[in-house]
Amino acid sequence: MPRSSCRAKAALVLAPGLAAVSTQFSSVFSTLPGAQQSAQSRLVATGTLQGGTLPAASTAARPSATVAQVGFVAGATGCAAIASRVGRRGIKRGERLAAQAEASETEWLPRTTGWDAADLAAERARASALEEPGSDYKGPRYPGAAGVTDSFIEALMSMQKEGGLLPKKDAFLLVLDVIDSLRTESTMGSVSIPKGKHVTVVGDLHGQYWDFLNILSLTGRPSAESPFIFNGDFVDRGSWSIEVILLVFALKLKDPQSVFLNRGNHEMLETNLLYGFCGEVGSKYDMELFNLFSEAFRNLPLCHLVEKKVLVLHGGLPGPDPRIWMPGQTHDPTDAIPMTAMHSLQDIQDVDRYMEITPEAYAESIGPCTPDKEVNDSRMIIDLLWGDPRGGDGYGPSYRRGKGIYTFGPDITIAFCEKNGLQCIVRSHEVKSEGWKWDHSQLLSVFSAPNYLDTGNNKGAFLKLTLPDPNGDVHFEPVTYSAVPHPDVPPMKWQELISESYPHLTRVMKKRISATFDEFGDSDFEGVGDLMNFDEWEPEEAAQFQDAFKVDQYGRELAETAKN
Ligand SMILES: *[C@@H]1O[C@H](CO)[C@@H](O)[C@H](O)[C@H]1NC(C)=O
Ligand SMILES: [Mn+2]
């Protein structure tokens, strides 16, 4: 079967199963053609796919196969089966620039995944050849990763405060260097607290640059003596996401061994298209730089382990396994999927994190235990980036969006810590009125964007982690602060570029905007819009699930249930 017809068929096969909310995005994701020239060589690396599982080799080297490529390679043996696998996993690797060129004849589409070393080298050559800034530019020039010093950071900050922008060429080169740096890191980084000092954990920043400057004035800038973990959601919502992310990245380059970054659910293509960052990059620079930021985000670690005792991640703990979604499930604490076997830290460490989660991946992550590593990986990424705690035991549905995102109860937190010898978990992802909150006895949330969206009325906080006794517990000191004034630019200002010039990227989303619901269900306000956007199972769908996977809604073997 020729590639093009496989692609057309793949799109058809995917379409009927998609929720309305994701239709537009799914077409963004699924119409991008796969690699052309290297499919053959990659076939060697991935083996032949015969409707079974992906061989483990597919995850061994970067770059190797794209899921989309596997779809094309396997076209002769059955597009349909493969197409459904594409949605289930997210998109893991290597769409090529050829895809972009083809699409841009009509409408701009983001590049979804996969820059290999040659792509990055080509981009670096292209960036190096970009125009020099005009003689009216008085700000700092990016000196290369090794040249980032305190004085560069200071000059960058003072220029940003004046409304200046790093030249386009410099911004490209800086992000390219960050990609190189992140690619050397592991999925779960490890952090030590310097003797007699502390580690600072900063939660969601969401483009609130002026509040970020305020934080730095309270903490001092990161250094070897003062390590930082930035716990994701640097961008989107706030209208200075470019300033925030370039400053965070510059800090990373200055102290790569002392500044640690976790991926949040807003370091993701899908959310960036909807919540301002893509529009902001397009307005302040260009869409090509947005593609490069997306690539940097796919390389971010998912979590960091402090002193082997405290796990810091953006959203939540791993969800149930098998991945059950209970028909009719609500937030009633008695209405829960009971605890299943706990994952280990090694399971998290082993995640091949380089992935773009597709809109349909959430619902399609539901299913039985599987030996398929890419399915496991995409489930884990969804949970770590999107999950939230709940009051009652077990797992429940998240208020954030539809099927496939879980809340987890105190019993889950306790069991996870116990299994992994952890003191506790630190996470972010939800607005807290004081900026921080112990949601469970071993789960501390920290949110650093005060007066979130200019309306939240919440304080912001960061955490200082100390280790008074090397054999004892980590201590937590939350520091709270209020919002500081900022120039008169509203949140989401730059989303206008997308709604005006790239409406195909968000068309379907607009239908969902209402006065009470966040347009996408990604409300960071704790528990807001309970059950909104609740993509509950239809009874017949549940029946099909049980039939196909031979488990009841709790994931118990149907035969076993019958016995009991
Ligand atoms: C995937 O997860 C299952 C548990 O559902 C586990 O038994 C299996 O070993 C994992 N496989 C891989 C390759 O990660
Ligand atoms: Mn978040």
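When a ligand or atom number is given, it counts from 1 through the structure's own listing order. Quick caveat: nothing in here was measured; it's all calculated off a predicted structure.
Between Phe212 and Phe230, the ring-plane angle classifies as perpendicular under the 30° and 60° cut-offs.
Ion pairing between Asp372 and Arg379 fails under the 4.0 Å rule for side-chain N and carboxylate O. Note on Glu356 versus Arg263: salt bridge recorded, some NZ/NE/NH1/NH2 to OD/OE distance being below 4.0 Å. Ion pair Asp439/Lys432 flagged as a salt bridge, since at least one NZ, NE, NH1 or NH2 atom sits closer than 4.0 Å to an Asp/Glu carboxylate oxygen. Ionic pairing of Arg353 and Glu185 is not present here: no N-O contact between side-chain nitrogen and carboxylate oxygen is shorter than 4.0 angstrom.
Using a cut-off of 2.8 Å, one finds that Asp233 contributes an N/O/S atom close to the Mn ion (ligand 2). Inclusion of Ser428 in the first shell of the Mn ion (ligand 2) is not supported: no N, O or S atom falls under 2.8 Å. Not a single N, O or S atom of His266, from either the backbone or the side chain, sits less than 2.8 Å from the Mn ion (ligand 2).
Using a distance-only test at 3.5 Å, with no hydrogens or angles considered, a donor-acceptor pair links the side chain of Lys252 to the main chain of Val259. In this structure, the side chain of Lys373 engages the main chain of Asp350 through a donor-acceptor pair within 3.5 Å.
Looking only at N/O/S atoms, His429 comes nearest to the Mn ion (ligand 2) through ND1.
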Could you give the N/O to N/O pairs under 3.5 Å linking ligand 1 and the protein, each with its distance?
from: ligand 1; atom 1: 2 (O); to: Thr370; atom 2: O; distance (Å): 3.3
from: ligand 1; atom 1: 2 (O); to: Asn376; atom 2: OD1; distance (Å): 3.2
from: ligand 1; atom 1: 2 (O); to: Asn376; atom 2: ND2; distance (Å): 2.3
from: ligand 1; atom 1: 5 (O); to: Asp321; atom 2: OD1; distance (Å): 3.1
from: ligand 1; atom 1: 5 (O); to: Asp321; atom 2: OD2; distance (Å): 2.6
from: ligand 1; atom 1: 11 (N); to: Asn376; atom 2: ND2; distance (Å): 3.0
from: ligand 1; atom 1: 14 (O); to: Asn376; atom 2: ND2; distance (Å): 3.2

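Applying the side chain to side chain contact (heavy atoms under 4.5 Å, CB included) test between Leu453 and each of Arg237, Gln208, His206 identifies Arg237 as the sole match.
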